[in-house]
J.: 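The structure's right below; bear with me while I get my questions together.
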Amino acid sequence: MSDFLTDLRNDLVDAHARYGQRSAIERAARAHHPSRARLAAVAASAAAVTAGVVGGVALTRGTDDQVIGRRAPGVVARVALGGSATGLSLGGVASESGAAWIVVNVGDVMRVDATTNRVTARIPVAGPGSRLSQASDSIASGLAAGDGAVWATVFRLNPPHANETTLIRIDPKTNRVTRIPLAARASSYVSPGGSSIPPLGFGGGSLWVLGPQGGARFDPRTGAVADLVSWGLGDIYATDYGIAGDDLWVHAADGQLVEFDARTGARTATVAGRPAHTVRLAVIPGAGVIVGEDDGTLRRIDAASGRALWTTRLGDIVGPIAVAGDRLWAVNQAGRFERLTAISLATGRELSSLRLQPTLGTPQLEYPLAYIDGRVWVASPPGHAVIVRP
Amino acid sequence: MKTLAASTDEDLLLAHTSDAFGEFYDRHARALMGYFARRTHDPQAAADLTSETFASAIVAQHRFRRDGAPATAWLFAIAARRLADYQRRGWVDERVRRSLAMERRPLSEEDAGIIGMLAEEVTFELLADLPADQRDAVTAHVVEDRGYPQLATDGSTSEAVVRQRVSRGLATLRRRMGARR
């Protein structure tokens with residue numbers, strides 16, 4: 001064994017022992033002290049009884065695995081997907097034709113009927129009959145829906161086809177797949193030198209394949225490249241993207257946020273920001289963008305003024321976020337638990353929170369989520385879609 | 001009671017002991033390193049991804065279930081996510097390793113050579129062409145995973161000599177593999 005692997009083994013075994021001790025201490029502490037959530041719920045119950053308030057908003061049962069706040073988001077269903085739903089930086093869950101479309105194993109798209117919550121089709125996109133992409137060199141890198149179709153991108157990792165990107169169109173009427181290879185010019189534009197696995201988004205009536213230096217805009221009717229749009233960042237590269245309505249927001253490595261008109265690719269706003277390793281964007285069409293940072297900070301940026309309307313802190317890590325009506329939904333980590341938390345778009349105030357364990361869980365928060373027909377869908381790494389009623 | 005060596009991968013993960021995790025690491029570290037090396041063509045990135053993947057496995061271990069995916073599939077699912085993240089960003093996110101207070105280990109030239117071999121899946125044909133002392137040393141150390149002290153004892157020579165043979169053998173293999181491309 002090489003010195004590196006030997007040293008790494010020793011480091012890991014030591015880290016394992018420390019982590020085990022830390023976990024035991026945390027379990028002991030929880031066993032001896034009521035949780036903050038329970039205290040909050042007891043206090044809220046007492047206040048409600050004192051004031052004689054009846055009806056309206058239900059108080060919580062006050063257990064840590066349920067709800068903090070005034071109204072419970074209830075789990076409507078858990079759907080087994082038959083594969084891990086993770087790995088996409090944008091999309092992952094999309095809505096079209098009364099169904100949720102979810103990428104699993106970064107290779108298959110699962111179609112789930114949004115009324116019956118049943119899986120009705122598994123559609124291989126990363127290769128013939130793809131079921132597990134672990135050893136595959138083709139991976140689905142994006143998912144989006146729009147203009148009556150579901151779209152995915154597939155990226156090749158290894159020579160001789162390394163860095164080739166293919167656009168996949170799924171017809172929701174038949175589940176038939178049409179493959180549209182990106183022209184070399186567009187492919188190298190969105191992934192120069194294979195530097196990035198390009199995500200996909202739909203906005204402004206166009207399909208966008210997104211890259212660190214610029215994006216390729218496609219006509220969804222033909223799949224033809226309509227435009228190659230530079231982000232205009234110079235030597236700085238884009239790290240994350242958000243797209244909804246007619247707005248496309250790009251986050252750059254130096255922290256700046258740039259807004260584009262998704263219909264034309266025209267640059268419409270630039271907002272200075274602070275550098276952050278991992279950023280999640282959720283677009284509020286016509287109004288701005290929410291920025292989630294890896295330290296748990298959430299900021300709402302106003303498109304017109306470029307100013308932060310509110311800033312809040314949500315646990316230790318913020319994962320995927322999505323805007324739904326007057327709420328922002330976020331997967332976040334607080335302590336050792338992943339949660340699905342609703343926040344007021346107007347104030348940034350936490351409205352409710354649902355613990356996702358034990359169904360969900362990986363060290364990093366990769367839980368694609370989307371708002372579909374009045375419900376929040378959260379897809380999980382262990383292979384479930386959790387459907388929540390707000 | 002089963003020994004660690006006789007335990008299945010699933011038993012090792014469910015034991016939740018550091019020794020069992022060490023055994024699990026021993027079984028899969030090289031395969032995982034090769035997996036990353038073949039896909040990144042960058043020994044340092046492969047090393048960092050291997051480190052981050054096993055660190056992630058420590059944190060996620062309590063969620064592993066016997067009735068879920070097999071342990072190797074579970075590990076490689078974590079690995080695939082780390083790889084996809086690396087491919088997307090162009091750098092290795094080492095948040096989990098840092099959260100466990102583990103230092104980043106630098107690679108020696110020899111480490112890089114061994115990782116390169118794991119990536120290339122070097123053939124025995126190439127190995128067979130090496131001078132006998134180098135072939136035996138590389139085979140014993142890299143393929144059979146035997147440590148330098150043991151090889152020195154078995155060969156009645158010094159560790160320095162064994163290291164030199166391995167190093168020269170790897171350098172020769174790298175040159176020959178380069179010439180084949």
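Given the structure is predicted, the values throughout are model-derived calculations rather than measurements. Protein chains get the first letters and strands the later ones, always in sequence-line order, with residue 1 at the start of each.
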J.: Which of the residues B:His16, B:Arg163, B:Arg97 is involved in the greatest number of heavy-atom pairs with chain A at under 4.5 angstrom?
T.: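 If we count pairs closer than 4.5 Å to chain A, B:Arg163 comes out on top.
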J.: Roughly how far, to the nearest 0.5 Å, is the CG atom of A:Leu8 from the CZ atom of B:Arg105?
T.: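 Separation between the atoms: 8.5 Å.
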J.: Counting only non-hydrogen atoms closer than 4.5 Å, does B:Arg104 touch chain A with its backbone (N, CA, C, O), its side chain (CB onward), both, or neither?
T.: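 Looking at B:Arg104, nothing touches chain A.
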J.: According to ring-ring contact (aromatic ring centres under 6.0 Å, His included), who are the partners of B:Phe36, at least two apart in sequence or on a separate chain?
T.: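 By the ring-ring contact (aromatic ring centres under 6.0 Å, His included) rule, B:Phe36 matches no residue at all.
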J.: Given that the side chain runs from C-beta out, which part of B:Ser108 has a heavy atom under 4.5 Å from chain A: side chain, backbone, both or neither?
T.: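 Neither part.
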J.: Spell out, as yes or no, whether a donor-acceptor pair under 3.5 Å connects the side chain of B:Asp111 to the backbone of A:Phe4.
T.: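 Side chain of B:Asp111 to backbone of A:Phe4: a pair is present.
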J.: Rounded to the nearest 0.5 Å, how far does CG of B:Leu100 lie from CZ of A:Arg18?
T.: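 Going from CZ on A:Arg18 over to CG on B:Leu100, the span is 7.0 Å.
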J.: Which atoms form the tightest heavy-atom contact between B:Gln61 and A:His16, and what is the distance?
T.: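 For B:Gln61 versus A:His16, the nearest heavy atoms are OE1-NE2, 2.8 Å.
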J.: Any idea which heavy atoms bring A:Leu12 and B:Ile58 closest together, and the distance?
T.: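 Residues A:Leu12 and B:Ile58, closest heavy atoms: O-CD1, 3.5 Å.
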J.: Could you give me the CA-CA distance, side-chain angles and deciding distance for A:Val13 and B:Phe21, then say whether side chain to side chain contact (heavy atoms under 4.5 Å, CB included) is met?
T.: CA-CA 7 Å; A:Val13 169; B:Phe21 191 83; 5.5 Å; no
J.: Who are the side-chain contact (heavy atoms from CB on, under 4.5 Å) partners of A:Leu281, not counting sequence neighbours?
T.: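 Testing A:Leu281 for side-chain contact (heavy atoms from CB on, under 4.5 Å), a comparison that skips the adjacent residues, returns A:Trp249, A:His251, A:Leu257, A:Val279, A:Val289, A:Val291.
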J.: Do the side chain of B:Tyr25 and the main chain of A:Leu5 share a donor and acceptor less than 3.5 angstrom apart?
T.: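 At least one qualifying donor-acceptor pair exists.
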